[in-house]
Amino acid sequence: HLIFSMLSGEYPSYNTTPDFIYEHAMLAGSALDIINYRTGFDISIPIYNSLTAGEYKLDYYSSRKTLLTVLLQLGTDPLLVHAIDGIHHITNDRIIILGSCEHCQPCQINSRCSLEEGIRWSYPKVLLESEFCLILPGYRVDSPDFLDVMMTGCIPVLLRNTHQILPFSEVLDWDRCVIF
């Protein structure tokens with residue numbers, strides 16, 4: 001048997017495994033960690049966001065105007081956000097901090113809002129114009145932002161979560177393409 005577990009758990013715990021016995025089934029999921037991942041048996045795969053996939057028109061030779069785009073997740077530690085916001089103010093706007101647009105009507109999957117100004121940004125465009133993309137951890141260990149960042153050619157920067165199994169980690173050397 002093969003079980004797909006893409007968005008496991010619910011608030012506030014967000015368990016990384018299904019809530020049933022699956023010991024003889026192969027688990028393919030996006031939120032696997034060292035506790036539930038069985039090397040050589042299970043498969044860690046990324047969350048694919050079909051709503052934003054067609055938005056990326058990658059041009060490897062275009063100039064990247066933004067040094068760093070920070071992507072906030074639901075449940076990101078407020079102290080971490082405050083520290084990054086402090087760096088943002090001393091870098092002459094070379095850093096953009098984006099989160100969800102809480103007050104938009106209607107909300108669009110391809111837009112994010114800046115942390116303090118409330119300016120709406122085209123999510124694919126800002127990723128395409130960024131050199132580095134920092135994905136901050138939140139409640140979940142998985143996020144479609146990781147694959148979105150990879151599809152735009154932005155260099156992903158992750159805070160090292162030693163428990164998380166990155167997609168296809170048994171065949172990809174993530175130390176060569178991600179900054180931890």
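- In this structure, Trp121 and Ser111 have side chains that are not in contact, with every pair of non-hydrogen atoms separated by 4.5 Å or more.
- When all heavy atoms of Pro46 and Ser30 are compared, the pair lying nearest together is C-CB, 4.4 Å.
- A distance of 7.0 Å separates OG of Ser44 from CG of Leu166, quoted to the nearest 0.5 Å.
- Between Leu27 and Arg38, the closest heavy-atom pair is N-NH2, 3.9 Å.
- Hydrophobic clustering of Ile, Leu, Val, Met, Phe, Trp and Tyr side chains at less than 4.5 Å, counting indirect connections, keeps Leu79 apart from Val70.
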task: Show your reasoning for whether side-chain hydrogen bond (donor to acceptor under 3.5 Å, both in side chains) applies to Asp145 and Tyr123.
output: CA-CA 10 Å; Asp145 291 340; Tyr123 179 60; 2.6 Å; yes
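- Taking Glu131 as the reference, nothing meets the side-chain hydrogen bond (donor to acceptor under 3.5 Å, both in side chains) condition, with sequence neighbours excluded.
- If you take CG on Leu32 and CD1 on Ile34, they are separated by 12.0 Å, rounding to the nearest 0.5 Å.
- Closest approach of Ser169 and Trp174 over heavy atoms only: CA-NE1, 4.0 Å.
- Between Pro124 and Thr152, the shortest heavy-atom distance links the atoms O-CG2, 4.4 Å.
- Residue Asp33 holds its CG atom at 7.0 Å from CD1 of Ile165, rounded to the nearest 0.5 Å.
- A distance of 10.0 Å separates CG in Leu128 from CE in Met151, rounded to the nearest 0.5 Å.
- Between the CG atom in Leu98 and the CG atom in Leu72 there is a gap of 7.5 Å [rounded to 0.5 Å].
- Taken to the nearest 0.5 Å, the CZ atom of Arg112 stands 13.5 Å off from the CD1 atom of Ile96.
- With sequence neighbours left out, the ring pair (Phe, Tyr, Trp, His ring centres under 6.0 Å) criterion links Phe132 to no other residue.
- Counting all heavy atoms, side chain and backbone alike, Met26 lies closest to Ile43 at SD-CD1, 3.9 Å.
- Taking the side chain as every heavy atom from C-beta outward, Leu80 and Leu159 approach each other to under 4.5 Å.
- One N or O on the side chain of Glu170 and one on the backbone of Gly40 form a donor-acceptor pair closer than 3.5 Å.
- Residues Asp85 and Ile97 form a side-chain contact, since some pair of their non-hydrogen atoms from C-beta on lies under 4.5 Å apart.
- Scanning all heavy atoms of the two residues, the minimum distance from Leu127 to Cys133 falls at CD2-SG, 3.7 Å.
- Counting only distance, with no hydrogens or angles, the side chain of Ser130 and the backbone of Thr66 share no donor-acceptor pair below 3.5 Å.
- Taking the side-chain contact (heavy atoms from CB on, under 4.5 Å) definition, one finds that Pro156 meets it with Phe146, Val149, Met150, Val178, sequence neighbours left out.
- A heavy-atom distance below 4.5 Å is not found between the side chains of Ile179 and Leu158.
- Applying the side-chain contact (heavy atoms from CB on, under 4.5 Å) rule to Phe4 yields the partners Leu2, Ala28, Ile45; only residues at least two apart in sequence or on another chain are considered.
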task: Could you walk me through whether Ile47 and Leu147 pass side chain to side chain contact (heavy atoms under 4.5 Å, CB included), step by step?
output: CA-CA 7 Å; Ile47 295 177; Leu147 189 59; over 6 Å; no
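- The side chain to side chain contact (heavy atoms under 4.5 Å, CB included) test with Leu136 singles out one residue from Leu71, Asp77, Thr76, Val157, and that residue is Thr76.
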